[in-house]
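These numbers were taken from a predicted model, which means no experiment stands behind them. Below, chain A is the first sequence line, B the second, and so on; all start at residue 1.
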There are 2 protein chains.
Amino acid sequence: MSKGLQTRDTALREALAQASHVGLKNITIGTLADSLSMSKSGLFAHFRSKEQLQVDVLDHAADLFTRTVIQPALKEPRGLERLRALVDLWLGWDGYADWAMPGGCIFISATMEFDDEPDGPVRDRLVAQQQQWFDSLETVIRGAVREGQLREDLDTLQFAHELYGLMLGHHVASRLLRDPAARERAHTALDRLVAAASPGAGTPAPA
Amino acid sequence: MSKGLQTRDTALREALAQASHVGLKNITIGTLADSLSMSKSGLFAHFRSKEQLQVDVLDHAADLFTRTVIQPALKEPRGLERLRALVDLWLGWDGYADWAMPGGCIFISATMEFDDEPDGPVRDRLVAQQQQWFDSLETVIRGAVREGQLREDLDTLQFAHELYGLMLGHHVASRLLRDPAARERAHTALDRLVAAASPGAGTPAPA
DNA sequence: GTCAGAATCGAACGACCGTGCTTTTATGGT
DNA sequence: ACCATAAAAGCACGGTCGTTCGATTCTGAC
């Protein structure tokens, strides 16, 4: 790898770490340069604008997410086992303290920062990534359906959304409220979610 | 109301609106002053620091939340009816477009901004508010238990957390993904949550 | 070892940041 | 109508922001 690409990579790693706890909007070329013992302008040259840096950080994070969450989960046998592995890896990702993302999942914080922003390169990329993530979730869920472990007529997209909500709840409980029971609560919620989608479960309740 | 308090109130209203879409961290005395056709220093005098302004904005939002969500819900008969009313009002609150909070629920965005911040006046206030909100949720849920509409041995705190996760999911679906089905999905999730907690429902599934 | 090109630096820019001070203007009780 | 006081304005400060540009140093193929 050429010197330039190597520096760029190091910079992105540090930028991700900083973005995870001050927010993607609030990373600063100057602060980042200091952390890397570089000049502002020297660092700046690698990305041609702050906006581009933000997009690159998102891409870097997505790569990392794929390698540390999605791919390992795909090694588990298809079905509920894979789904549970995915959730566990996901919970681990959100708690990636000390290295990579001391401030917790960057996609969650970036979502809240850019959700009501007008369209733009950063928001667009983020939306695309999240939609792709929902696709992956649905695929894994459908795997469990095909294995006969979840019921045939399950609304897999709804399931994916509820799973996502569960993870968001975990994020708040563990990070803001610092609740030691957060992880256990997430598992409980997942169990209930799976139970309601099991082939045995009757059509639920009155509206 | 004296002139000073009136100005202060107007300022807080505007500050809340701006904070809801640039984030509580990123509101600016200067921008805020311009929006109010005031001088920076004239506005600044009302709050003695930016940090104090942020705390005051949170308090202002909490007041508004109590008046528009909690109190109206308390007019419904205790039990599931009240719980569903609360959720509907809550969904409305998160979509308070055009006035008050064009950027969606400020507590959600503030949570993501301050979750991994060290303790401080702003974070502390936010945590206290959220914990109080969880208490209110639990109280309403317990009301449904006492009415015999939810089962006796229900873990009401777990229920509250899952309900909160559901709302967070709605926030993402409606604001980031702009999914028109977001509200319907939230209702579906609530139905499932209630169904699983109904007195009829058997002890769910294998671990 | 040379030399083109890549990588980095240093200095500067205009703009805006939060905050402190002093002065001007508006308010409202008497 | 007066006047103490409250509210707002004006101005300045040191700092940081993203970005530009020209000069400098380093890298790596030949």
Legend entry - d(CG, A:Leu36; C1', C:dC9) in whole Å: 15 Å
Legend entry - B:Glu117 with B:Lys25: basic N within carboxylate O range, under 4.0 Å: yes
Inset, instruction - Answer yes or no: does atom CZ of A:Arg178 have more than 12 heavy-atom neighbours from other residues, nucleotides or ligands under 6.0 Å? - result: yes
Inset, instruction - Send over the distance from B:Met38 CE to D:dG10 P, rounded to a whole Å. - result: 11 Å
Inset, instruction - Rounding to 10 degrees, work out the angle separating the end axes of the helix from C:dG1-D:dC30 to C:dT30-D:dA1 (five pairs an end). - result: 20°
Inset, instruction - Calculate the interatomic distance between A:Asp34 atom CG and D:dG15 atom C1'; express it in whole Å. - result: 13 Å
Legend entry - Qualifying salt bridge (Lys or Arg N to Asp or Glu O under 4.0 Å) pairs, either residue in residues 31-40 of chain A, two or more places apart: none
Inset, instruction - Only counting residues at least two apart or in another chain, list the ones meeting side chain to side chain donor-acceptor pair (under 3.5 Å) with A:Asp155. - result: none
Inset, instruction - Please confirm whether any donor atom in the side chain of B:Lys40 sits under 3.5 Å from an acceptor in the base of D:dG10, or the reverse. - result: no
Legend entry - Which residues share a ring-ring contact (aromatic ring centres under 6.0 Å, His included) with B:His171, sequence neighbours left out: none
Legend entry - B:Ser35 versus B:Gln18, side-chain donor and acceptor atoms under 3.5 Å: yes
Inset, instruction - Return the value, rounded to whole Å, for the distance between atom CG of B:Leu32 and atom P of D:dA8. - result: 13 Å
Legend entry - Spacing of A:Leu53 atom CG relative to D:dT19 atom P, expressed in whole Å: 10 Å
Legend entry - Nucleic acid contacts of residues 12-31 of chain B, taken as heavy-atom distances under 4.0 Å to DNA chain C: B:Ile27, B:Thr28, B:Ile29, B:Gly30, B:Thr31
Inset, instruction - For nucleotides 25-30 of chain D, just jot down a letter per nucleotide in 5' to 3' order: B, S or -, based on protein non-hydrogen atoms under 4.0 Å. - result: ------
Legend entry - B:Arg123 bridged to B:Asp115 by N-O distance under 4.0 Å: no
Legend entry - Donor-acceptor contact present, side-chain A:Ser109 to main-chain A:Ile106, <3.5 Å: yes
Legend entry - Nearest-nucleotide pick for B:Ser41, side chain only, options being D:dT19, C:dT8, D:dA9: D:dA9
Inset, instruction - List for me each residue that meets side chain to side chain donor-acceptor pair (under 3.5 Å) alongside B:His21, sequence neighbours excluded, and say none if there are none. - result: none
Inset, instruction - Give me the residues of residues 44-51 of chain A where at least one heavy atom lies under 4.0 Å from an atom of DNA chain D, by number, or none. - result: A:Phe44, A:Ser49, A:Lys50
Legend entry - Residue list, salt bridge (charged side-chain N to carboxylate O under 4.0 Å, His left out) with B:Arg13, at least two apart or on another chain: B:Asp9
Inset, instruction - Sequence neighbours left out, what passes side chain to side chain donor-acceptor pair (under 3.5 Å) with A:Arg67? Give chain and number order. - result: none
Legend entry - Integer-rounded Å distance: C:dT8 C1' and A:Arg8 CZ: 16 Å
Side chains of residues 127-134 of chain B: which donor-acceptor pairs under 3.5 Å do they make with residues two or more places apart or in other chains?
{"residue": "B:Gln129", "atom": "NE2", "partner": "B:Leu58", "partner atom": "O", "Å": "3.2"}
{"residue": "B:Gln130", "atom": "NE2", "partner": "B:Tyr164", "partner atom": "OH", "Å": "2.7"}

Legend entry - Contacts of type side chain to side chain donor-acceptor pair (under 3.5 Å), residue B:Glu147, not counting sequence neighbours: B:Arg78
